[in-house]
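Comments concern the structure below.
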Protein chains: 2
Amino acid sequence: MTDRPDLAAMISPLSRALIDAELPVLHEHGLSMWAYSVLLALDERPLRTQAALAEAIGADKTRIIGYLDDLQRKGLIERTPDPADRRVRVLSLTAEGRRVRDSAQAGIRRKEERLLARLSPEDRRGFLRALRTLAALPPEEIAGA
Amino acid sequence: MTDRPDLAAMISPLSRALIDAELPVLHEHGLSMWAYSVLLALDERPLRTQAALAEAIGADKTRIIGYLDDLQRKGLIERTPDPADRRVRVLSLTAEGRRVRDSAQAGIRRKEERLLARLSPEDRRGFLRALRTLAALPPEEIAGA
DNA sequence: GCCTATCATCTGCATCCGCATATCATCTGT
DNA sequence: ACAGATGATATGCGGATGCAGATGATAGGC
């Protein structure tokens, strides 16, 4: 029952392989991993501050600035000064940003579907459900137990 | 059906959180992640060359040397010159190496069990089976499709 | 015996990362 | 009005990483 390879020993190389597989897809769309993460996070809901964005995608708030500059320069996001608090730059996706996000994500999905096709329907279902559950946990909960 | 977060977007942060959670456990045993990987790999089967080891655990063959030096200095592994080919250093775990590996792994398992306890039995089963399947794939297979 | 390939090792380079610090603008509570 | 907190930004440090040589020892094919 408990005889299994370490979780991390299976997950980490898998994560690395996934990223290696998907990075070329993103590059075709002119995106880095961080840039793609930003587009994904902003699509779910607009964020009011850059610090909140960094927090949401697990990025360093100082390192993320360059990526935001890039995305803004390419017209994929907007940084609007918040009239209610002029320190804050409200972040939002442009129509073009949404388009690029959708087309990049479609490419990613195609790759991932071909991977998931190797699993039995039950395993696939359990895998995805478990992954959602675990990915939703705050890191402290994982560290704590 | 296909409406789900990107695999990589769930797996990568999870992998990161797992590592953050487990690193302190390894450090209690005086091990780094790479060192622990080495112990795990050598326990499964002794490897004849260091290049093969590096390949097996996805490490850089030049960067791994320092970790091997450390492990050898601590008496956890042995690097024996191969009489049949004196260029080669045959790698093996010492009894102490096995002991440290076991006790570190027990700590890791405890943490991981507490995490897996959050899953339903079916999801847990599917998750682990899927993980084994996917982790067994060579990276090229993941990249290729 | 000689040429080429292989193994372990060292070194240097460019990159990325998390983190800490500092600056400037601006907001908020008193 | 003033002090302290907060947001965006720039910068530098230390560590880790992938990668590309270069070297010395040794094997193996011819």
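Note that this is a predicted model, so its numbers are computed, not measured.
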Rounded distance (Å) that lies between atom [atom2] of [N] and atom [atom1] of [X]:
| X | N | atom1 | atom2 | value |
| --- | --- | --- | --- | --- |
| B:Asp60 | C:dC16 | CG | P | 17 Å |
| B:Arg79 | C:dC7 | CZ | C1' | 12 Å |
| B:Leu68 | C:dC10 | CG | C1' | 15 Å |
| B:Met33 | D:dT17 | CE | P | 11 Å |
| A:Lys61 | C:dA20 | NZ | P | 10 Å |
| B:Glu78 | C:dA8 | CD | C1' | 18 Å |
| B:Ile57 | D:dT17 | CD1 | C1' | 14 Å |
| B:Leu53 | C:dT6 | CG | C1' | 17 Å |

Strictly below 4.0 Å, heavy-atom distances to any atom of DNA chain C: list the hits from residues 19-27 of chain B, or just say none. none
So which of residues 69-76 of chain B are in contact with DNA chain C, with a heavy-atom cut-off of under 4.0 Å? none
Pairs touching residues 106-134 of chain A that satisfy ring-ring contact (aromatic ring centres under 6.0 Å, His included), sequence neighbours left out: A:Phe127-B:Phe127
Just grab all the ring-ring contact (aromatic ring centres under 6.0 Å, His included) pairs involving residues 77-99 of chain A, residues at least two apart or on different chains. none
Donor-acceptor pair, side chain of B:Lys111 and main chain of B:Val25, under 3.5 angstrom: no
Is the backbone of B:Gly75 close enough, under 3.5 Å, to the side chain of B:Thr94 for a donor and an acceptor to pair up by distance? yes
Going by side-chain hydrogen bond (donor to acceptor under 3.5 Å, both in side chains), name the pairs with one or both residues in residues 8-22 of chain B, residues two or more places apart or in two chains. A:Ser12-B:Ser15, A:Ser15-B:Ser12
Sequence-distant partners of A:Tyr36, ring-ring contact (aromatic ring centres under 6.0 Å, His included), two or more places apart: none
How would you list, by chain and number, every residue that makes a side chain to side chain contact (heavy atoms under 4.5 Å, CB included) with A:Asp69, sequence neighbours excluded? A:Ile65, A:Arg73, A:Arg79
Which residues share a side chain to side chain donor-acceptor pair (under 3.5 Å) with [X], sequence neighbours left out:
| X | value |
| --- | --- |
| A:Ser103 | A:His29 |
| A:Glu96 | A:Arg99 |
| A:Thr62 | A:Asp60 |

Distances under 3.5 Å only, N/O to N/O: pair up the protein atoms with those of nucleotides 13-15 of chain D.
{"residue": "D:dC13", "atom": "N4", "partner": "A:Arg63", "partner atom": "NH2", "Å": "3.4"}

Using only side-chain N and O atoms of [X], determine if any of them is under 4.0 Å from OP1 or OP2 of [N].
| X | N | value |
| --- | --- | --- |
| B:Tyr67 | C:dT9 | no |
| B:Gln50 | C:dT9 | yes |
| B:Arg48 | C:dC7 | no |
| A:Trp34 | C:dC17 | yes |

Output yes when B:Glu113 and B:Arg124 qualify as a salt bridge under the 4.0 Å nitrogen-oxygen rule, no when they do not. yes
5' to 3', nucleotides 22-30 of chain D under a 4.0 Å protein heavy-atom cut-off (B base, S sugar-phosphate only, - none) gives ---BBS---
Using the side-chain hydrogen bond (donor to acceptor under 3.5 Å, both in side chains) rule, pick out the option among A:Arg125, A:Arg129, A:Arg132 that qualifies with B:Asp123. A:Arg129
Tell me if the NZ atom of A:Lys61 is crowded by more than 12 foreign heavy atoms within 6.0 Å. no
Answer yes or no: is there a side-chain heavy-atom contact under 4.5 Å between A:Gln105 and A:Leu39? no
Which of these nucleotides, D:dG18, C:dA8, D:dA8, is closest to any side-chain atom of A:Arg89? D:dA8
